[in-house]
Each structure stands twice: as structure tokens, then as C-alpha cells.
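A note on names: the letters A, B, ... follow the listed sequences, proteins ahead of strands, and every chain is numbered from 1.
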Amino acid sequence: MNEAALTDPAVHVDAAHAEEIKKHVRVYLIVFGALAVLTVVTVAVAYLNLPIVAAVIVALIIASVKAGLVAAYFMHLVSEKKVIYWTLGLTAAFLAAMFIIFIAAYYDQDGNPDAEAVPRILDVELFEPEWEGRFVA
Amino acid sequence: MQIPYTTTARPDTGVYNAKLGVWFFLASEVMLFGGLFSSYIFLRIGAPVWPGELGGEMYVRAHDILNVPLATLNTMVLIASSVTMVMSWASLMMKRFDRYRLYMGATVAFGFVFLIIKAFEYGSKFEHGLFPSESNFLAIYFTMTGLHALHVIGGIIVNAYFLGPGAKMWKTNPQQFTNRIEVAGLYWHFVDLVWIFLFPTIYLL
């Protein structure tokens, strides 16, 4: 470092800043390694042919951890402003509502996803569909 | 007219405008892909067997139809591209424009590699007569991976612009250019994030 750099406070700030970014870079490489390992684990688990419920749970846990790492470090969510967290919180709430509506609709129709199935909230006596031959073109 | 708060944080939000704008856009993207994931769940829990019958044969696991090794390779490619993307931003933060070009070039290249692998995958499905119209499984597979691939193409276009003509801004306004790369990165990481969920749910379960 030259003499001007030693006396200029702006250069000190820049040097400290660059050092900080270098630390970030080390974290990025660690996250990269973790994501690669977790990808291999996901594939390995899939070939164990676990029962479907267990397989779904394990796959979603691993995917959530991977997504968390990407969001936290690559998208800088570990150190973001409140407005971003609120935006994401609201998005998560709407996403959850959408999933719940879909699942509720499914169970509301006794597990029959057909669009023409009668919702249970209606009078089943009046609207009981005649399934026999209903879908014959 | 000068666009406000491109380099400094807006006092009430605490972030520069582009960052909040891109996060709002990503929020809408979450709902777009969320709707498709909901449809996928809906189709799947309503199906007696998944993926079900295809070409006269009954399949009970998606990985018996889809090419898992290619998709795994593509997962690695996208993860690597996310790393090079964040490294390109970090390079600008360290005032290393030469390294930025290297990392951004690698990001664009990884994007192309992803699309080429995807094209091979689609091509092999079409060769075997496996089209979206064949079954609910193939319809949702092509819809979700196809929409994701369109997002990759969009990302490549933006990143290629910032690698080429858009990079001129580094000389006139380096801070704004760095911020642009950060928000382009947010989008690119989101595309990676969608794939992180698509890969196990479509290919492995």
C-alpha cells in the first residue's frame, strides 16, 4: 500500500470493505459444496425406494434446506431490510392460502378431484350426481 | 428524468428501488410457480397411480420414465451458475471488472449448458412418443420444466446484456451497475431455487 493509501481514510474503508467481501466469497464456496452434497443425497435417497410419504418428507426437507441456503447467502436474505422480509412474509401467506384452498377443495369433494363433483357444502340429496355413464363422450 | 434511488437507499424502505421492485416481481413469480405446484399436487393426489400408464406400461415411480442422471447434472450446472453469478457481483464489489466478466461469462455459459441438456432430455421424450398430451404426468412435467426453461432463457438474455452492451455503465456509474448485477442475481438465484424444488418433486418422487 502506498503512502497516500495509508493516510487516506477512504482507502482504509475500501480495504476493509474488500476484506469483508472476501469473507463472503469463502461462505459462497462453502454453500456451493453443501448444495452439491445435498443434491447427491437427494438422488441417493430417491433410489432407496422409501414409502411415498417418507420419501416426500425427506425430499422436501432436503429441498427446503437447499433453498434456504440459496436464499440466505446468494440472495443475501441473512442481512436484508425489514421491507423485504415483510414482502416475503406476505408472499408466503398467500402461497400457503393457495395450497390450502387446493387441498381443501380436494377433501371437500371426498377426494374426487373432478371439477363437476358436487361440493359437500351443497345439499347432497338434491345435487347427487349420477356417476354411471357420466363421462362417456 | 433521473430515476430516483438507483444507488442510494430510499429513506422509507431502506433499500434502493430496483431491489424492492425485483423482490415484488419475484413475489409474483412465487405465486405463478406456486399455482403450478398446487396443480401438480392436485393432479397427483387424485391419480390412483403416478405417473400411471404410458405406452401400455404401468409406471409407479417418475424416475423410471425421466432421465435422473441428466437432471442431476442440470441441478449441478444451475447451482454452479448461481455461484458464478454471486461471484460476479462480489467481483464488482471488490472493483475487479476483469473477474466480473469472467464470472458473468461463466454464468451465461452455464445457462446455455442447462438448456442444451434440457433439449436432449425433451428430444429423447419426443422420440419415444412421450408428448404432453399423453398423460397428466407428462403434461405437468412439460409445463413446469418448460416454464422454468423459459425463465432460464430470460435470465440468459439479461445476463448477456450486462456482459455485453450493458457493461458500459461500469465506467459511468459503477455503483448503479453493481446494483443491477445484484438484482439480476436475485432473479437468477430464484430460477435456481425453483429448480431445487422441481427436481425432487417431478423427477425423484
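- A/Met98 approaches B/Gly34 most closely through the heavy-atom pair CE-C, 3.3 Å.
- To the nearest 0.5 Å, the span separating CZ on A/Phe32 from CD1 on B/Ile79 amounts to 7.5 Å.
- When B/Asp12, B/Val30, B/Ile41 are compared by the number of non-hydrogen pairs under 4.5 Å with chain A, B/Val30 comes out ahead.
- B/Ile196 and A/Lys66 get closest at one heavy-atom pair: CG2-CB, 3.7 Å.
- B/Leu26 CG to A/Leu88 CG: the interatomic distance, rounded to the nearest 0.5 Å, is 8.5 Å.
- Neither the backbone nor the side chain of B/Trp188 comes within contact range of chain A, judged by heavy atoms closer than 4.5 Å.
- Rounded to the nearest 0.5 angstrom, A/Glu19 CD and B/Met94 CE are separated by 10.0 Å.
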B/Val86/A/His76 under side chain to side chain contact (heavy atoms under 4.5 Å, CB included): CA gap, chis, key distance, verdict: CA-CA 10 Å; B/Val86 79; A/His76 311 139; 4.1 Å; yes
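- When heavy atoms are compared at a cutoff of 4.5 Å, A/Ile62 does not approach chain B at all.
- B/Trp23 approaches A/Thr87 most closely through the heavy-atom pair O-CG2, 4.4 Å.
- For the atom pair CD of B/Glu182 and CE of A/Met75, the computed distance is 10.5 Å after rounding to the nearest 0.5 Å.
- Neither the backbone nor the side chain of B/Arg96 comes within contact range of chain A; no heavy atoms are under 4.5 Å apart.
- Interface remark: B/Leu186 contributes backbone and side-chain atoms alike to the contact with chain A (heavy atom separation under 4.5 Å).
- Of the listed residues (B/Phe24, B/Phe37, B/Trp89), the greatest number of heavy-atom pairs within a distance under 4.5 Å of chain A belongs to B/Trp89.
- Within a 6.0 Å radius of CZ in A/Phe94, no more than 12 heavy atoms belonging to other residues, nucleotides or ligands are found.
- Here the shortest heavy-atom pairing between A/Tyr28 and B/Met87 reads CD1-SD, 4.2 Å.
- Here the shortest heavy-atom pairing between B/Leu205 and A/Ile52 reads C-CD1, 4.5 Å.
- Put simply, of B/Gly185, B/Pro69, B/Ala90, the one with the most heavy-atom pairs under 4.5 Å next to chain A is B/Ala90.
- When heavy atoms are compared at a cutoff of 4.5 Å, A/Glu80 approaches chain B solely by way of its side chain, counted from C-beta outward.
- Within a 6.0 Å sphere centred on CZ of B/Phe197, other residues, nucleotides and ligands contribute more than 12 heavy atoms.
- For B/Thr13, the parts lying under 4.5 angstrom from a heavy atom of chain A are both the backbone and the side chain.
- Interface remark: B/Ser28 contributes no atoms to any contact with chain A (heavy atom separation under 4.5 Å).
- With a 4.5 Å cut-off on non-hydrogen atoms, B/Ala80 touches chain A through its backbone and its side chain both.
- Around CG of A/Leu48, the count of heavy atoms belonging to other residues, nucleotides or ligands within 6.0 Å exceeds 12.
- In this structure, NZ in A/Lys81 is found 12.5 Å from CG in B/Leu20, a value given to the nearest 0.5 Å.
- More than 12 heavy atoms of other shown residues, nucleotides or ligands fall within 6.0 angstrom of atom CZ in A/Phe102.
- Interface remark: B/Tyr203 contributes no atoms to any contact with chain A (heavy atom separation under 4.5 Å).
- Using the six-membered ring where Trp is involved, A/Tyr47 and B/His63 have ring planes that are tilted, between 30° and 60° apart.
- Only the side chain of A/Leu77 comes within contact range of chain B, judged by heavy atoms closer than 4.5 Å.
- B/Phe199 contributes atom CZ, which lies 7.0 Å from atom OG1 of A/Thr42 (distance to the nearest 0.5 angstrom).
- If you measure heavy-atom distances from A/Ile103 to chain B, the contacts under 4.5 Å come from the side chain alone.
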